[in-house]
Amino acid sequence: MNSNRMLFAAVLMTAVAIPAPGQSAGSPAGNPSVRYTETRVRSVEANYKACLACANEGVVESAIAQCVKMKWAFPSASLEDLRGSLGTLATGGKTAAIRYKACLAGLVFDSPSMFTGESGQDYAMDEDLITAIGARAQKALLGHNGDRPRGFSQSR
C-alpha cells in the first residue's frame, strides 16, 4: 500500500471515529448515548494505537496529533493504551520528529490542565497544534523570564 493510501486510510479512520453531536460526554449517566460514546472511544483508541504502530511516518505523526485532540475531547477518558504507545514512540520512534511529537503529546496526557488554553483552539494543521503545545510546554517547564540576567548589558 503506498503512502498516499495509508494517509487516506488514517484520515478516514479519524472521520469515522468522530461521535455524533448528540453523543457528548456531558450527557446524563443514564443516557444510552453516553455508553455508546464510551464504547466508541475504546474503538477509536484501538484504531489510533494501530496508526501509532504504522510503518508510515506520516500516519504516525498524524495519529499523534489526533491522540492529543481525542484527549482534549474526552479529558476524563483513561486512554492508557494510547499513553503507553506515545511513551514508546517518545523513546524509540523512527525519527526525531516522531520522538519529539510523541513526547509533547505525552505531556498533554500527563498534565492536561497545563494545556487548557491550547485545547480550545482550532488548528488548521497538525504542525500548528504541535507548535502550540511546544510553546506552552516551554513557558510552563522552563519559565518565561522577561528580565535580563544580572551583568548582562545590551551593548558590547
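All residue numbers refer to positions in the sequence shown, counting from 1. These figures come from a predicted structure and were not determined experimentally. In what follows, every heavy atom counts, from backbone to side chain, and hydrogens, waters and symmetry copies are set aside.
In the hydrophobic cluster analysis, where Ile, Leu, Val, Met, Phe, Trp and Tyr join through side-chain heavy atoms closer than 4.5 angstrom, Phe74 is grouped together with Ile64. Val44 and Val68 are members of different hydrophobic clusters when ILVMFWY side chains are connected at heavy-atom separations under 4.5 Å. Residues Phe109 and Phe115 do not share a hydrophobic cluster, clusters being chains of Ile/Leu/Val/Met/Phe/Trp/Tyr side chains in contact below 4.5 Å. Taking hydrophobic clusters as Ile, Leu, Val, Met, Phe, Trp and Tyr residues chained together by side-chain heavy-atom distances below 4.5 Å, Val41 shares a cluster with Leu82.
Expressed to the nearest 0.5 Å, how far OG of Ser119 lies from CZ of Arg136 amounts to 10.0 Å. To the nearest 0.5 Å, the span separating CD on Gln138 from CG on Leu104 amounts to 10.5 Å. Atom CD of Glu80 and atom OG of Ser85 lie 11.0 Å apart (nearest 0.5 Å). For the atom pair CG (Leu89) and OG1 (Thr95), the distance works out to 9.5 Å, reported to the nearest 0.5 Å. Distance CG/Leu86 to SG/Cys103: 10.0 Å, rounded to 0.5 Å. How far CG of Asn47 is from CE of Met70: 9.0 Å, rounded to the nearest 0.5 Å.
Between Glu45 and Arg83 there is no salt bridge, since none of the side-chain N atoms of the basic residue sits less than 4.0 Å from a carboxylate O of the acidic one. A salt bridge links Asp126 and Lys69; the closest N-O separation between the charged side-chain nitrogens and carboxylate oxygens is under 4.0 Å.
Between Ala90 and Ala102 the shortest heavy-atom distance is N-CB, 3.6 Å. Residues Met114 and Ala140 approach most closely at SD-CB, 3.4 Å, considering heavy atoms. Scanning both residues, Tyr100 and Gly134, for their nearest heavy atoms gives OH-CA, 4.0 Å. In plain terms, the two heavy atoms of Glu61 and Ile98 that are nearest each other are CG-CG1, 3.7 Å.
The backbone N or O of Glu118 lies less than 3.5 Å from a partner atom in the side chain of Tyr123, making a donor-acceptor pair. Put simply, the side chain of Ser62 never gets that close to the backbone of Gly58: no donor and acceptor are under 3.5 Å apart. Using a distance-only test at 3.5 Å, with no hydrogens or angles considered, no donor-acceptor pair links the side chain of Ser111 to the main chain of Val108.
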Residues Leu107, Leu141; criterion side chain to side chain contact (heavy atoms under 4.5 Å, CB included); working and verdict: CA-CA 11 Å; Leu107 287 174; Leu141 300 175; 4.1 Å; yes
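At least one side-chain heavy atom of Trp72 sits less than 4.5 Å from a side-chain heavy atom of Leu129.
With a 6.0 Å radius and a threshold of 12 heavy atoms from other residues, nucleotides or ligands, Lys49 has its NZ atom at or below the threshold.
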